[in-house]
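Input: a single structure, listed below in C-alpha cells.
Everything numeric here is computed off the predicted structure, so don't read it as measured data.
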Amino acid sequence: MDANVRSSSGKQTKIQFDRRVLSKEERRRHALRGLAISWGIALATLPLPPIHWLTVPFFFFFGFYWSWKKYHETEHLIPFTFPCPECQKEVTVKAQVFHPLLSFVCPHCRYGLKLE
Ligand SMILES: [Zn+2]
C-alpha cells in the first residue's frame, strides 16, 4: 500500500507498507485474552476490602468493552522502515493495530510524523 509520511513542518516522503487482515479466529482469541486480563484484575483485587467495591465492578464491565474493542480491530500493520522526511534517518514502525490516522515521533529528530 502506498502512502505519504508528513512531518509536522510539512516535508513528506513516499513510503510503502502492508497490512494484515486478522482472521475471525485471531480476533476471537484477542477478544478472549482482553476479557481474561480484565476479569483477572477484577478477581485479583477481590480480597482488597476498601477498593474492591470500585475495581471489581469496573473491571468486570470493562472486560466486555475491551473484548468488544479487540474483536473489532481487524487489521494490523506489518513492521516497516522508512526514511524520516526531516533527518533522512531510518524510522522503524513496529507491528500494531492499523487505523487511518496513525502518527509517530521520529526517534532521531523528535519531529511528529503522520501517515496519510
Ligand atoms: Zn527524523
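In terms of heavy atoms, V91 sits closest to L113 at CG2-CD1, 4.4 Å. Considering every non-hydrogen atom in both K14 and N4, the closest pair reads CG-OD1, 3.3 Å.
Residue L77 is not grouped with residue V21 when hydrophobic side chains (ILVMFWY) are merged at heavy-atom distances under 4.5 angstrom, including chains of intermediate members. V93 and M1 end up in the same hydrophobic cluster when Ile, Leu, Val, Met, Phe, Trp and Tyr side chains are linked at under 4.5 Å. Clustering ILVMFWY residues whenever any of their side-chain heavy atoms sit less than 4.5 angstrom apart, transitively, puts L102 in the very cluster that holds I15. Note: the hydrophobic cluster containing F17 does not contain L101 (ILVMFWY, side chain heavy atoms under 4.5 Å, direct or indirect links). Follow the hydrophobic side-chain contacts under 4.5 Å out from L46 and you never reach I41; the two are in separate clusters.
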Which atom pairs, donor and acceptor, lie under 3.5 Å between side-chain atoms of residues 26-38 and protein residues at least two apart or in another chain?
{"residue": "E26", "atom": "OE1", "partner": "R20", "partner atom": "NH1", "Å": "3.4"}
{"residue": "E26", "atom": "OE1", "partner": "S23", "partner atom": "N", "Å": "3.0"}
{"residue": "E26", "atom": "OE1", "partner": "S23", "partner atom": "OG", "Å": "3.4"}
{"residue": "E26", "atom": "OE2", "partner": "R20", "partner atom": "NH1", "Å": "3.1"}
{"residue": "E26", "atom": "OE2", "partner": "R20", "partner atom": "NH2", "Å": "3.4"}
{"residue": "R27", "atom": "NE", "partner": "Y71", "partner atom": "O", "Å": "2.8"}
{"residue": "R27", "atom": "NH2", "partner": "Y71", "partner atom": "O", "Å": "3.2"}
{"residue": "R28", "atom": "NH1", "partner": "E25", "partner atom": "OE1", "Å": "3.4"}
{"residue": "S38", "atom": "OG", "partner": "F59", "partner atom": "O", "Å": "2.7"}
{"residue": "S38", "atom": "OG", "partner": "G63", "partner atom": "N", "Å": "3.2"}

Worked verdict on F82 versus V5 for side-chain contact (heavy atoms from CB on, under 4.5 Å): CA-CA 9 Å; F82 62 92; V5 171; 3.7 Å; yes

Please assess Y111 against V105 for the test side-chain contact (heavy atoms from CB on, under 4.5 Å), listing each intermediate value before the final yes or no. CA-CA 6 Å; Y111 267 91; V105 173; over 6 Å; no

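At least one donor-acceptor pair closer than 3.5 Å links the side chain of H52 to the backbone N or O of P49.
Looking at residues two or more places apart in sequence or on another chain, you find a salt bridge (charged side-chain N to carboxylate O under 4.0 Å, His left out) between R19 and E75. Considering only residues two or more places apart in sequence or on other chains, K89 meets the salt bridge (charged side-chain N to carboxylate O under 4.0 Å, His left out) condition with none of them.
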